[in-house]
Student: 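Sharing a structure, written as structure tokens. Questions coming.
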Amino acid sequence: MDNTVRWMRIVEGNAFVRFIDVNLRGAGQVIFQNNPLTGLFFLAAITWGAISGGAPQIAIGAFVALVVATVTAMLLDADEDSLRQGLFGFNGMLVGCAVPTFIEPSLAMWALLVIGAATSTVAMLAIANVMKTWGTPALTFPFVLTTWFLMLGAYSFGAVTIDGMGPPALPNSMSTSPFSTAEAASQALPLLEAWLKGPAQVFLIDDWLSGILVVIGLAVSSLWAAGLALAGAAIALVTSLALGASLSDISGGLYGFSAVLTAVALGCVFYAPSWRVALFTLLGTIFTVIVQGAMDAAFAPIGIPTFTAPFVFVTWLFLLPKANLKPHPHDKIANGVVGGDAAK
Amino acid sequence: MDNTVRWMRIVEGNAFVRFIDVNLRGAGQVIFQNNPLTGLFFLAAITWGAISGGAPQIAIGAFVALVVATVTAMLLDADEDSLRQGLFGFNGMLVGCAVPTFIEPSLAMWALLVIGAATSTVAMLAIANVMKTWGTPALTFPFVLTTWFLMLGAYSFGAVTIDGMGPPALPNSMSTSPFSTAEAASQALPLLEAWLKGPAQVFLIDDWLSGILVVIGLAVSSLWAAGLALAGAAIALVTSLALGASLSDISGGLYGFSAVLTAVALGCVFYAPSWRVALFTLLGTIFTVIVQGAMDAAFAPIGIPTFTAPFVFVTWLFLLPKANLKPHPHDKIANGVVGGDAAK
Amino acid sequence: MDNTVRWMRIVEGNAFVRFIDVNLRGAGQVIFQNNPLTGLFFLAAITWGAISGGAPQIAIGAFVALVVATVTAMLLDADEDSLRQGLFGFNGMLVGCAVPTFIEPSLAMWALLVIGAATSTVAMLAIANVMKTWGTPALTFPFVLTTWFLMLGAYSFGAVTIDGMGPPALPNSMSTSPFSTAEAASQALPLLEAWLKGPAQVFLIDDWLSGILVVIGLAVSSLWAAGLALAGAAIALVTSLALGASLSDISGGLYGFSAVLTAVALGCVFYAPSWRVALFTLLGTIFTVIVQGAMDAAFAPIGIPTFTAPFVFVTWLFLLPKANLKPHPHDKIANGVVGGDAAK
């Protein structure tokens with residue numbers, strides 16, 4: 001593409017633009033896209049969702065944390081190639097989305113956000129180093145682990161006020177009777193909105209317009225990714241309705257976001273698309289919905305969200321076998337972290 | 001043996017019989033026996049226990065899940081040698097025992113069972129790949145992990161009804177006064193039944209006759225394994241009585257099943273029998289009882305069973321050192337999964 | 001040093017003195033010091049704290065468990081070099097400090113203590129073997145894991161009586177208003193005592209005089225270690241006050257002990273001191289305080305202490321990147337376990 005070439009020429013010639021480019025790619029890498037334009041759409045989705053939801057601090061947090069995580073990687077002399085692909089930005093940015101979503105703004109909140117963003121880069125280096133042993137990427141686990149510590153810590157620290165998660169409670173089995181897709185539709189459940197909120201909730205945004213922006217951002221970089229994101233959210237919707245999950249969770253897109261990520265990761269990023277891979281991805285996506293329900297129950301007593309852990313655990317489980325499915329030729333993108341000898 | 005040779009000749013000549021053979025070996029591998037006759041005894045133990053307990057769906061579940069897990073391995077082109085030894089059947093079969101034990105029969109239950117059995121094979125490939133790094137087998141962890149997700153998920157899904165586990169509760173320290181073996185005997189505790197239920201509970205069956213069938217199945221393949229299974233259950237009985245564990249758990253064999261597996265694994269499967277190994281196995285088996293008590297308390301707030309996790313964790317802990325104890329010449333059986341270069 | 005040479009000559013010439021030497025080094029290795037005199041100071045700190053606190057069984061437990069863990073390593077033919085450096089003693093000794101702190105003295109308690117100390121050596125061999133894959137030491141995780149099992153088990157076993165931990169409860173967010181350092185000082189909080197209790201709580205001792213003995217013991221072996229221990233405790237004090245953590249936890253040194261270990265480990269044991277390392281260590285130490293608060297909340301429902309897990313997890317996270325920071329030339333000390341080919 002002409003535009004790509006032109007952009008890369010500007011990037012090479014100007015350190016400031018290069019820094020912008022790295023951060024935009026960092027945003028794009030949340031859903032595996034090494035593409036600054038995709039990152040711009042994702043940041044737009046976050047900004048729109050944050051402002052329309054009356055919580056602009058979420059957008060500010062995302063920007064700040066993205067930059068802090070990237071700068072931390074630079075200070076630690078992280079692998080230049082990985083850095084340029086944005087691989088040290090996406091976990092930090094998600095920390096920046098999560099902290100202001102669940103903790104009220106205060107000096108202590110911003111301190112936790114910055115410390116968490118910096119630590120997410122250390123965690124990325126550590127987890128990538130471990131997972132490399134089996135030729136498998138760190139995915140969003142650095143974000144998940146770091147933010148679990150921050151959210152749990154909030155229960156012990158009086159200087160931060162929890163808002164929007166918990167309270168801790170023993171899990172209760174769903175007392176509602178099994179719920180059919182038909183019934184859901186008859187109650188005029190806004191199924192379309194629930195579906196589109198899946199891609200948005202990857203960034204903890206509860207807004208279906210943001211979901212459309214996310215899908216467009218994906219389409220700019222990869223039509224496969226955009227299609228699989230929509231398919232993953234749809235599979236999650238059908239599965240969670242069929243299993244009779246909580247309607248408020250379903251309609252908020254909370255069964256969709258991990259499924260979106262699993263579908264994209266297995267369906268076109270780490271395996272090359274094929275019918276066999278499609279079936280494998282379908283099993284993985286359905287199991288992601290089950291793991292989402294499982295982790296929601298398991299985390300009830302400690303009152304914190306699962307974040308994208310269902311995606312991480314299921315995708316690891318489905319990548320580790322390397323079950324003779326043809327690996328995607330471009331998978332270097334995600335394995336290239338820290339030296340990158342992912343060969344095994 | 002003449003019969004073995006004759007059987008292998010039939011197996012080689014007939015694809016259908018070969019499929020039966022692979023599935024029977026899969027059943028046998030639950031306690032490390034690559035032997036179709038052992039598998040037949042184990043299936044008989046499950047069937048007897050299920051029917052006499054009024055829950056035939058458990059036996060049906062075991063059969064269905066065994067076949068689904070094996071077929072999934074075939075579809076994924078898993079390592080032929082490992083497949084022929086039944087290494088992709090046993091985790092699935094245990095999923096099939098567990099799901100109908102704790103969830104009421106329904107369409108959703110059967111769907112979870114089939115999805116879980118298929119996923120257990122993916123998990124087996126993944127976990128075997130990771131543990132191979134240290135020359136250590138996956139054991140029953142694929143079953144444990146998959147079924148934890150299914151059971152926890154049941155709390156979030158209204159389409160399935162939990163029956164026979166939970167409810168979630170904070171752990172309470174045992175208020176009963178320490179209980180001596182003598183007292184237990186004087187209360188006419190059916191110690192003999194409790195002892196024999198240990199081997200049966202490996203398959204989640206609460207029936208001492210099934211336990212006898214399991215031990216006979218082991219003896220058909222290995223007298224060492226049969227003896228160590230009985231020794232493991234006896235050590236668990238004495239230890240749990242001495243520590244004053246819950247009498248209902250003890251008499252149900254719930255302190256026995258993981259100890260049976262640890263004793264067989266350490267005592268004759270992965271180390272060659274010797275006095276030094278016997279002492280090591282004794283320590284491991286006693287510690288398994290402690291870990292069983294520990295995990296029962298830890299899992300109380302989330303209301304799911306530990307399954308064989310105490311066995312898995314303790315056996316990993318006692319295999320990973322490879323403490324200059326002579327490795328068993330036949331350990332290829334369990335390490336041979338996926339390529340099988342277990343050498344380290 | 002003349003005295004060192006003279007001592008080593010006595011050690012070489014006498015098996016009994018050698019055994020004493022190994023055990024003293026084992027005590028010293030709790031804070032990474034391969035030095036028998038340091039170990040003597042640590043044992044003095046434990047003994048003083050135990051007796052002045054009216055619980056001499058803690059000191060006896062520490063001695064017994066230290067010897068049991070060392071002897072277990074000998075029986076298992078563990079790597080001679082690692083053994084001579086005391087690497088198989090420190091986890092056992094910590095088990096011996098913890099068990100009598102949280103369980104009332106009884107025959108069953110002593111049995112758990114001895115079984116736990118022996119198992120801690122097996123766990124050390126296992127975990128060191130795993131972590132060696134990434135050139136990273138086991139730290140005190142063998143102690144942490146073993147003792148979690150023992151403490152959780154205590155809830156299931158009527159023969160042991162829990163004293164000084166729990167009861168299990170759902171986590172509550174701190175309702176106290178944010179607490180400033182100034183307010184704390186104005187309430188005459190004994191900040192100095194809180195600070196000095198940090199190093200003592202590494203051994204589960206709640207006594208500031210013991211803390212001074214610990215720091216002197218470190219200084220005898222390494223002034224860097226002593227300085228970083230005091231710095232780590234101070235950073236923890238300031239951070240926990242700023243975040244508004246529980247004042248009783250702060251004044252008991254419960255936010256200090258893991259921070260002390262992280263600061264020493266990152267600041268001078270595994271990385272060579274430099275300004276860059278100092279900043280990295282500062283981030284790690286602050287994050288250790290957050291993880292301490294997080295794990296306190298996460299463990300509330302199961303009613304057991306975190307022990308030094310916050311130190312272990314954060315230090316692993318900060319060692320695994322090996323972020324181009326110059327590795328310390330002496331790091332062989334902690335990696336030398338079991339064969340010791342830590343090269344990677």
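This is a predicted model, so every value here is computed, not measured. Below, chain A is the first sequence line, B the second, and so on; all start at residue 1.
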Student: Is chain B contacted by the side chain of C:Ile304, its backbone, both, or neither, given a heavy-atom distance below 4.5 Å?
Tutor: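 C:Ile304 has no heavy atom closer than 4.5 Å to chain B.
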Student: Rounded to the nearest 0.5 Å, what separates atom CG in C:Leu152 from atom CZ in B:Phe299?
Tutor: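 It comes to 10.5 Å.
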Student: Nearest 0.5 angstrom please: C:Met124 CE to B:Leu320 CG, how far?
Tutor: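 These two atoms lie 13.5 Å from each other.
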Student: For the residue pair C:Thr119 and B:Phe318, establish whether any side-chain heavy-atom pair is separated by less than 4.5 Å.
Tutor: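 They are in side-chain contact.
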Student: Indicate the ring-plane relationship of B:Phe287 and C:Phe149, choosing parallel, tilted or perpendicular according to the 30° and 60° boundaries.
Tutor: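 Correct class here is perpendicular.
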Student: List the atom of C:Pro168, the atom of B:Pro171, and the distance in Å for their closest heavy-atom pair.
Tutor: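 The answer is CG-O, 3.3 Å.
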Student: Please identify each residue that fulfils side chain to side chain donor-acceptor pair (under 3.5 Å) with B:Thr308, with sequence neighbours left out.
Tutor: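 B:Thr140.
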Student: Give the minimum heavy-atom separation between B:Asp296 and C:Ser156, together with the two atoms involved.
Tutor: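 Closest pair (atom of B:Asp296, atom of C:Ser156, distance): CB-OG, 4.2 Å.
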Student: Do C:Asn129 and B:Pro321 make a side-chain contact, defined as non-hydrogen atoms from C-beta onward lying under 4.5 Å apart?
Tutor: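 Result no, sub-4.5 Å side-chain heavy-atom pair not found.
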Student: More than 12 foreign heavy atoms under 6.0 Å from CH2 of C:Trp110: is that the case here?
Tutor: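 Counting other residues, nucleotides and ligands, CH2 of C:Trp110 exceeds 12 neighbours.
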Student: I need the contact set between residues 91-101 of chain C and chain B: heavy-atom distance under 4.5 Å, sorted by residue number.
Tutor: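 Answer by number: none.
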Student: If you measure from CG on B:Leu279 to CG on C:Leu75, what distance do you get to the nearest 0.5 Å?
Tutor: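 Output value for this atom pair is 8.5 Å.
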Student: Determine the minimum heavy-atom distance between B:Ala242 and C:Ala159, stating which atoms define it.
Tutor: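 So the minimum-distance heavy-atom pair works out to O-CB, 3.6 Å.
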Student: Look up atom OG1 in B:Thr239 and atom CD1 in C:Ile115, then write down how far apart they are to the nearest 0.5 Å.
Tutor: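 The CD1 atom of C:Ile115 is 7.5 Å from OG1 of B:Thr239, to the nearest 0.5 Å.
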Student: What heavy-atom pair brings B:Arg276 and C:Asp77 nearest, and what distance separates the two atoms?
Tutor: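 Minimum heavy-atom contact is NH2-OD2, 3.7 Å.
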Student: My understanding is that only residues two or more places apart in sequence, or in another chain, count here; which of them pass side chain to side chain donor-acceptor pair (under 3.5 Å) with B:Thr285?
Tutor: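 Scan of B:Thr285 (side chain to side chain donor-acceptor pair (under 3.5 Å), adjacent residues dropped) gives none.
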Student: Of the backbone (N, CA, C, O) and the side chain (C-beta and beyond), which part of C:Leu145 lies under 4.5 Å from a heavy atom of chain B, both, or neither?
Tutor: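 For C:Leu145, side-chain heavy atoms alone lie under 4.5 Å from chain B.
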Student: List the atom of B:Pro301, the atom of C:Ile302, and the distance in Å for their closest heavy-atom pair.
Tutor: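 Nearest heavy atoms, B:Pro301 then C:Ile302: CG-CG2, 4.1 Å.
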Student: Counting heavy-atom pairs under 4.5 Å with chain B, which one of C:Ile162, C:Val122, C:Thr146 comes out on top?
Tutor: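 That would be C:Val122.
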Student: Could you tell me which residues satisfy side chain to side chain donor-acceptor pair (under 3.5 Å) with C:Asp249, sequence neighbours excluded, listed by chain and number?
Tutor: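 Side chain to side chain donor-acceptor pair (under 3.5 Å) list for C:Asp249, sorted by chain: empty.
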Student: B:Leu283 versus chain C, heavy atoms under 4.5 Å apart: side chain, backbone, both or neither?
Tutor: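 Side chain only.
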Student: Measure the spacing between CD1 of C:Ile127 and CG of B:Leu317 and express it to the nearest 0.5 Å.
Tutor: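 Reported to 0.5 Å precision, the distance equals 6.0 Å.
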